[in-house]
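By convention in this document, chain letters (A, B, ...) are assigned in the order of the sequence lines, proteins followed by strands, and residues within each chain are numbered from 1.
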Amino acid sequence: MNACLDINNLSAVLANGQRVLRSVSLAVQPGEVRALVGESGAGKTMIGKAVLGVLPSSVRVVEGDMRLEGEDLGKLQPKARRTLIGARTALIPQDPLTALNPSRRIGPQMTDRLVRILGWSGDKADKRVRQLLDEVQIRDPDRVLKSYPHELSGGMRQRVLIAAAFAAEPRLIVADEPTTALDVTVQKQILLLIAELQREHGTAILFVTHDLGVVAKISQKVSVLYAGKVVEEAETAALFAAPQHPYTRALMAATPRYTDPLASLKPVDETVLAGLAAEIAMADQAWRRPHG
Amino acid sequence: MDDARIAKRGLSPRLWLAGGWLLLALLAAIFAPLVAPQDPLAQDLMLERLPPFWLDGAEPGYWLGTDSLGRDLLSRLIFGGRIAFIVAFAAAIAACLVGSTLGLIAGYFGGWADRTISRIVDIWMAFPPVLFAILLVAVLGTGLSSVILAIAIIDWTRFCRVIRAEAMGQSRMDYVENARIAGYGRVGIMLREVLPNVVPSIVALLSLEMGIAVIVEAILSFVNLSISTDDPTWGGIIAEGRLSIHQAWWVLVFPLITLILTVLSFSQFGEALKARFDPVLR
Ligand SMILES: Nc1ncnc2c1ncn2[C@@H]1O[C@H](COP(=O)(O)OP(=O)(O)OP(=O)(O)O)[C@@H](O)[C@H]1O
Ligand SMILES: [Mg+2]
């Protein structure tokens with residue numbers, strides 16, 4: 001069986017030649033939740049954007065390939081690629097305010113995609129959207145569909161975006177830190193909601209986060225990213241039981257624990273970071289040689 | 001929330017004052033033959049330089065007095081409004097269509113489209129606008145359509161610059177990226193996601209441009225380059241008033257007041273409309 005998403009040896013550089021992704025390989029099986037963790041700037045969002053075909057123009061893919069349900073995205077014509085990505089994937093974004101168009105009502109923003117891209121009838125799209133709003137526990141769909149984004153709370157907007165992401169029955173959802181912009185009190189609800197919808201719909205999720213607590217709750221497998229490089233990949237349970245890579249261990253030590261909050265609030269160990277830098281410099285050298 | 005919003009709508013004196021004056025002036029211009037007390041072209045040397053109604057020697061029916069040929073000033077102002085409004089609407093809409101379209105394309109698509117359009121705008125803006133207008137009318141010939149064309153040709157850059165900047169900001173927003181992921185085409189995204197967000201600015205600029213067009217037309221009339229017929233224009237009346245300022249100040253002052261009120265109202269009306277079109281401020 002084809003993996004839902006198969007990223008193979010993907011490298012990307014900025015205009016100035018700096019590498020942002022270093023030979024990233026990562027496969028997400030159908031229905032699997034794969035967590036992608038790493039500190040800020042590690043390139044988590046870049047991987048998501050690469051998969052969804054919206055890399056910034058300053059970032060260039062220099063090697064590797066990506067397959068979506070077996071289809072090599074790099075081999076498709078731009079138009080066919082857009083259609084494929086549009087039909088099979090969706091994004092749950094980080095900031096639910098900027099992800100909705102402020103001058104359009106929620107209703108058309110949600111249904112348009114089903115009608116225009118997937119060719120559904122307006123009625124069917126409307127029914128589907130209402131069903132999903134119900135699944136994300138929005139009890140007054142009439143009001144919400146008629147609202148402008150700024151008339152809803154942050155939690156409501158994120159519910160709307162989750163509903164929109166699942167509405168088109170994508171095979172893969174990229175969730176890029178979907179709870180970080182939210183109030184702590186609603187973070188947990190939103191996380192549970194995503195987990196529940198994921199289970200019901202059997203959608204694979206690439207779940208970007210820097211919160212190991214979230215990783216433990218939601219994912220089956222984890223990729224740990226450092227400076228654009230996957231330093232460890234493991235089953236979630238195995239990773240927490242016995243982290244192999246020093247960076248992973250350091251990351252875990254840096255995560256606050258309720259049992260001993262003070263002891264765990266220490267930064268990632270310097271020697272670990274120095275070791276990683278050396279490792280990455282070597283990898284870059286090895287990469288440059290065949291590429292000139 | 002709804003109550004507050006209604007209250008806020010009621011409390012916009014700016015909108016009502018500016019809109020009220022514009023509506024009054026517009027209706028007067030449209031129905032000029034019905035509302036003007038006198039024939040604006042009728043000369044009567046017996047009635048020359050009558051003062052406005054509150055001064056000694058005023059005649060009933062000549063509310064704002066008469067000019068040195070005995071023509072009724074109020075009637076001339078009302079008829080002059082016809083040309084002012086025709087030029088304002090036609091020139092501003094033409095400039096808006098061209099400028100906003102190019103600005104939207106430059107800002108959203110970026111790349112070579114942006115470089116080309118921005119370069120043209122830069123070259124355009126290097127000309128001093130009034131000189132440019134006079135030059136254009138001299139080339140195109142005087143007449144209503146030349147004036148309209150000249151204003152549109154000069155002022156589309158005003159729309160282009162502002163809308164380009166706004167569209168560029170919009171194109172970096174997450175919802176535009178979401179639309180890309182969903183599979184929309186670029187033109188569709190430009191029209192559906194970007195355009196609605198720049199409409200408030202377009203509306204404000206459009207109204208402002210109408211005021212500017214009124215001034216430019218007045219300037220062109222003033223230097224006798226506008227409409228070469230006998231029809232009264234505000235700029236033409238001002239030019240005549242300047243000649244008889246010592247004998248009949250009102251022939252200069254009233255058209256100036258009319259002009260200033262109209263121009264200010266257009267810009268204020270635009271700002272108020274912008275606030276109203278903006279879903280977040282609304
Ligand atoms: N538009 C861009 N153009 C050029 N470089 C960028 C751009 N966006 C991000 N980068 C760089 O790419 C690298 C990876 O950034 P990315 O946003 O993927 O990190 P991240 O892991 O998502 O971090 P965070 O947890 O802060 O979201 C960083 O070094 C960043 O500076
Ligand atoms: Mg990120």
If one checks every heavy atom of B/Arg172 against chain A at 4.5 Å, the contacting part turns out to be neither
Whatever's closer than 4.5 Å to a heavy atom in chain B on A/Lys79 counts as neither
| field | Over 12 foreign heavy atoms within 6.0 Å of CH2, B/Trp21 | value | yes
Bottom line for B/Asn178: the part with an atom under 4.5 Å from chain A's heavy atoms is side chain
**OP:** Give a yes or no on whether A/Asp140 atom CG has more than 12 heavy-atom contacts from other residues, nucleotides or ligands under 6.0 Å away.
**Re:** yes
To the nearest 0.5 Å, atom OG1 of A/Thr98 lies from atom CD of B/Glu177 at 9.5 Å
For B/Arg180 and A/Arg82 the tightest heavy-atom approach is O-NE, 3.0 Å
In terms of heavy-atom pairs under 4.5 Å with chain B, the winner among A/Ala87, A/Gly86, A/Ala168 is A/Gly86
Of the listed A/Leu97, A/Leu100, A/Thr83, the one with the largest count of heavy-atom pairs under 4.5 Å with chain B is A/Leu100
In this structure, CG of A/Asn101 is separated from CZ of B/Arg192 (nearest 0.5 Å) by 10.5 Å
- Other residues, nucleotides, ligands: >12 heavy atoms within 6.0 Å of A/Gln77 CD: no
- Task: Decide if atom CZ of B/Arg119 counts as having more than 12 heavy atoms of other residues, nucleotides or ligands within a radius under 6.0 Å.
- Result: no
When the 4.5 angstrom heavy-atom criterion is applied to A/Arg113 and chain B, the contacting part is both
**Message:** Counting only heavy atoms not in B/Arg186 (residues, nucleotides, ligands), do more than 12 fall under 6.0 Å from its CZ?
**Reply:** yes
Closest heavy-atom pair, A/Ala99 versus B/Tyr175, reported as atoms and distance to 0.1 Å, is O-CB, 3.4 Å
In short, B/Asn197 meets A/Pro102 closest at the heavy-atom pair OD1-CG, 3.4 Å
